[in-house]
Amino acid sequence: MPNTDLPSEQAADFRRVLARWYKQHARPLPWRETRDPYRIWVSEVMLQQTRVNAVLEHYARFLRKFPTIVSLALAPEADVLAVWSGLGYYRRARMLHKAAQFITAELDGVLPSTSAELRKLPGIGEYTSAAIASIAFGESIAVVDGNVERVLLRLTGRPEQATSESKRFVADQAAAVVPQRRSGTNAPGDHNQAMMELGATICLPRGPLCLQCPVYDFCRTRGEHKTEAREKMRSRRVAYLLHQRKRGSAIEVMLHRRPTDASLMPGMYELPELPMDGVEEYTPTLRVRHSITNTNYYVEVFTADKTLLRALPLSIREYEWCRLGQLADLPLTGLARKVLRRLHLIASPGVRMPQPETMMRQ
DNA sequence: GACGCGTGGAC
DNA sequence: TGTCCAAGCGT
């Protein structure tokens, strides 16, 4: 392997140019308006493998409901999952909750302030410990996420490789350009965020915007760096049942709670699934697309009748009736949440709910 | 080291 | 319609 390192004498220039660019172009994101370590922590966990837009929809609501580590620790896990509903990777929410309980019980409710200590908490790995330590506490430690890796490989011209040697190389490069701690500013935290911001807004996976790049002069590849093609998407049709009943003045909808030992979304609520061959003759009440990793689900929702109820794969006792008024407090799967919102059975943000009497859907 | 774990928006 | 994702972690 040729020596692809950024010349070390250029590191200071690189830092300066990047810092100036970041000061001018940083997006105004809510977790950049605070130094509260808890809020930084929540944002970093939410941002794991998740787009900024999706996080924005959940971040404020999560912090309104759980404004402190202690309030999070004291909450039932189902409440935490309910607020997390739609963000995906629900294990993150469970681990965040567990970590908050540990911090409350063992650490006097205070989040550790070093990457080494943070690294020991559930859900906080190599990246997240460095991100919190640098952004919230000013520790001089480099973060390496997908953005930083892509940026550094392109800058140095080293090809993409999923080897430990390549990982080592990227980590070394990142460490070589991260600034020292200095009083009065947060140079390490700002630098780390700048590296990620560059990857997220300029050095895009496909079609990087090299003409706008502040560190074009430092780059060995300038748009010629290849990114691997990915696996093809699959498509699948699935059907779900919408079944409602009245109990007094309340309306209830029938849901299925996934087994608590399921590997996928354990303990979360979804609409009852119907076998596709049971719905051939029916017209769906609702169609939505739902994509999970490698699969586009083309989802159809059917309003219940006797025949459809007989087609259910489980005994009727295995389902649960849930009041419409409490749906928003349940740990719903993202799909269930999307469907129930689309049908106006739970409030979308900013939408006033109609009165219960008018809510029964056909 | 490879794999499983979710999502909705942009195009 | 189908494609491509995004600031990882734990096992």
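Below, chain A is the first sequence line, B the second, and so on; all start at residue 1.
- Taking atom CD of residue A:E126 and atom C1' of nucleotide C:dC9, one finds them 11 Å apart after rounding to whole Å.
- Between the side chain of A:S291 and the base of B:dG8, a donor-acceptor pair under 3.5 Å is found.
- Judged by atom type and distance alone, A:T293 does not reach the base of B:dG4 through any side-chain donor-acceptor pair under 3.5 Å.
- Listed nucleotides: B:dG4, C:dG8, C:dA6. Nearest to the side chain of A:R91: B:dG4.
- Taking the side chain of A:R289 as heavy atoms from C-beta on, and the options C:dG10, C:dC4, B:dG9, the nearest nucleotide is B:dG9.
- Distance A:L81 CG to B:dT7 P: 12 Å, rounded to the nearest Å.
- Among the heavy atoms of the strands lying under 4.0 Å from A:R32 is at least one base atom, whether or not backbone atoms are also near.
- For the pair A:K338 and B:dG8, the criterion of a side-chain N or O lying under 4.0 Å from OP1 or OP2 is met.
- Within the cation-pi definition used here (under 6.0 Å to the ring centroid, within 45° of the axis), A:R287 does not qualify as a partner of A:Y298.
- Protein atom CD of A:E57 is 15 Å distant from nucleotide atom C1' of C:dA6, rounded to whole Å.
- Rounded to a whole Å, the CE atom of A:M233 is 11 Å from the C1' atom of B:dT7.
- For a distance-only test at 3.5 Å, the side chain of A:R92 fails to qualify as a donor-acceptor partner of the base of B:dC5.
- Spacing between atom CD of A:Q48 and atom P of C:dC9 amounts to 5 Å, rounded to whole angstrom units.
- Hydrophobic clustering, with ILVMFWY side chains joined whenever heavy atoms are under 4.5 angstrom apart, keeps A:I40 apart from A:V148.
- Nucleotides B:dG1 and C:dG8 are separated by 15 Å at their C1' atoms, to the nearest Å.
- A gap of 15 Å separates the P atoms of C:dT11 and B:dG6, to the nearest Å.
- Scanning atom types as modelled, one donor and one acceptor separated by under 3.5 angstrom connect the side chain of A:R51 and the base of C:dC5.
- Ranked by how close their nearest DNA chain B nucleotide is to the 5' end, A:L87 and A:T163 are led by A:T163.
- For A:Y298, the side-chain atoms get nearest to C:dG2 when compared with the rest of C:dG8, B:dG6, C:dG2.
- In this structure, CZ of A:R94 is placed 15 Å from P of C:dG10, rounded to the nearest angstrom.
- Ranked by how close their nearest DNA chain B nucleotide is to the 5' end, A:L264 and A:N53 are led by A:L264.
- Under the 4.5 Å side-chain heavy-atom criterion for ILVMFWY residues, no single connected hydrophobic cluster contains both A:M233 and A:I292.
- A:M46 has its CE atom 15 Å from the P atom of B:dG6, to the nearest Å.
- Atom-to-atom, CZ of A:R337 to P of B:dG6 comes out at 15 Å; the value is rounded to the nearest Å.
- Ring-plane geometry between A:W21 and A:H25 is classed as parallel, the angle between the planes falling under 30 degrees on a 0 to 90 degree scale with a further cut at 60.
- Residue A:Y90 places its side chain closer to B:dG6 than to any other of C:dT3, B:dG6, B:dG8.
- Side-chain contact check for A:Y240 and A:E270: no donor-acceptor pair (N or O, by modelled atom type) lies under 3.5 Å.
- Annotation: the span from A:R247 atom CZ to A:R245 atom CZ amounts to 3.5 Å, rounded to 0.5 Å.
- Distances from the side chain of A:D145 to the nucleotides C:dT3, B:dG8, C:dG8 place C:dG8 closest.
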